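Working notes for the structure below.
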Amino acid sequence: MAQAEIGLIGLGVMGSNLALNIAEKGNRIAVFNRTVEATRKFYADAGELQSQIVPCETIEEFVAAIRPPRPIIIMIKAGEAVDQQMELLKPYLETNDIMIDAGNANFRDTMRRFDNLKDSGLTFIGMGVSGGEEGARHGPSIMVGGRQESWKRVEKVLTSIAAKFDGVPCVDWLGENGAGHFVKTIHNGIEYADMQMIAEIYGILRDGLKMGATEIGEVFGEWNRGRLNSYLIEITEKVLKAADPITGRPIVDLILDKAGQKGTGKWSVIEAQNMGVPATGIEAAVAARSISSMKDEREAAEKVLGLPNVGEFRVADKAAFLKDLESALLASKIGAYAQGFAVMSAASREFNWNLPMPTIAKIWRAGCIIRSQFLDEITTAFTKDPDVANLIVTPAFARMVKESDGALRRVVSAAALGGLPVPALASALGYFDSYRRGRGTANLIQAQRDFFGAHGFDRIDGEDAHHGPWGSGLSA
Ligand code: NDP
């Protein structure tokens, strides 16, 4: 029997769908799962794809079934489980075999695993996969990090299973060691910001304009046919229009307002902070999820403080305000993406990855959760100017920011005056206003720092005096 082209360990939600996708695209695949029953069930349910699948119940059998050098996808629970699985696998592998962690790993773990294998003759790929269950089965976006020779060994299989945008596969090699997992982390960070901004707009429609879920769904549906066209807006319409089978009410009205999080948003913010790059949209989104999870505290606070005493939320012209909301969402989304790409540029310099920005935008255009028309425009902007400091100063995005500026201001003001929380939308406005202002207010902060800590400052006239005339105010 012909050897398998690739192996996969971990037949959970993502692994089993990825394995079926690989088999369906004509690649022979060996599979293994810690719990044997899952392997048996997976194979039994594989239907006509069985002919492309080699189900294995022991690691020896699994490794022997794959053509060397063996690429082995590990798609299991992230964290320690991956280290354990790698240790179990290692004794059976040979020089040049490739372990591929396809879970949501912290890129720092990926760098460590990469380094640990350095002298073993084995190689490692950290691979971000986005698109959830559906994407894994029919075409995910795949972000690969590791040695370029390792990528060459898996390029054909991964290209065959990736999502396609206008025929272009949404997969590529992005750089050495942790590059793929870092890019996946920032993808998720942007996803957090995007979702939070959508939720804030939903809040204005629900609590400000007092619209029902189905009616709000119509609004998102209309937006999805315009500039905001994207997977997240598309599913937002579907979610808002879905009815609870028990009560018949919109299901969204029955869902507890506590958002979960697994870590990638938080990691994005931590890494952005480590490198001194503002990622205010992602920060606001992560903080909003944390506040959402404090349900009891929020309910207790509402009893003590009450909702803001602001009277009825009024807009003079509802149709015009809806247009403003659409533009405000677009503007704040631009801010979040610009920040995400700026974080990746900084990381690229910090870790010597040479991350290809146009390629990243390209492979996010389909398959992944943040896929959208808008990413095609980002691809074009970065292709024209790959080294630009910030997406918002590229001609196309500068124009969009200027065009939607008034709308974002009106929406954030209306929300503030109406007592509705819009931390991510407000953060976008604050970001734009700070970033576009050549002369800010940090001169005062520098003076204060010098006053109490003698930290010194630079002068605008280039004169050499580095301390202010604070007299006895100076202290160590
Ligand atoms: P599931 O919970 O569906 O499956 C978990 C898998 O991990 C099972 O095959 C399980 O095996 C295996 N496993 C758990 N612990 C160990 C261990 N110590 N040793 C060996 N195998 C172990 O997870 P998902 O498929 O959802 O997620 C897998 C990875 O993909 C995670 O890193 C996740 O973050 C990432 N991911 C998930 C996405 C999603 O939408 N779900 C999207 C993108 C990435 P067993 O059957 O024996 O328990």
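For reference, positions follow the sequence shown, starting with 1. One-based numbering, in listed order, for ligands and for the atoms of each. These figures come from a predicted structure and were not determined experimentally.
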Can you report which non-hydrogen protein atom sits closest to [atom], along with the distance?
{"atom": "atom 11 (O) of ligand 1", "value": "N33 OD1, 3.6 Å"}
{"atom": "atom 17 (C) of ligand 1", "value": "R34 NH1, 3.3 Å"}
{"atom": "atom 47 (O) of ligand 1", "value": "T35 OG1, 2.4 Å"}

Say whether [X], considering both its backbone and side-chain N or O atoms, lies within less than 3.5 Å of an N or O atom on ligand 1.
{"X": "G10", "value": "no"}
{"X": "G132", "value": "no"}
{"X": "N104", "value": "yes"}
{"X": "I76", "value": "yes"}

Q84, portion touching ligand 1 at heavy-atom distance under 4.0 Å: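 Side chain only.
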Within reach of ligand 1, part of Q85 (heavy-atom separation under 4.0 Å):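 The answer is the side chain of Q85.
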side-chain contact (heavy atoms from CB on, under 4.5 Å) partner of I74, chosen from L8, I100, L89: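 For I74, the side-chain contact (heavy atoms from CB on, under 4.5 Å) test succeeds with only one of L8, I100, L89, which is L89.
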Within 45° cone of Y231 ring axis and under 6.0 Å: R371 NZ or CZ: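 Yes, a cation-pi geometry holds between R371 and Y231.
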Side-chain H-bond candidate by donor/acceptor type, N104 with K262, under 3.5 Å: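 No donor-acceptor contact under 3.5 Å links the two side chains.
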Centroid separation F62 to Y92 less than 6.0 Å: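 F62 vs Y92: aromatic centres not under 6.0 Å.
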Aromatic centroids of Y337 and F397 separated by under 6.0 Å: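 No, ring centres 6.0 Å or more apart.
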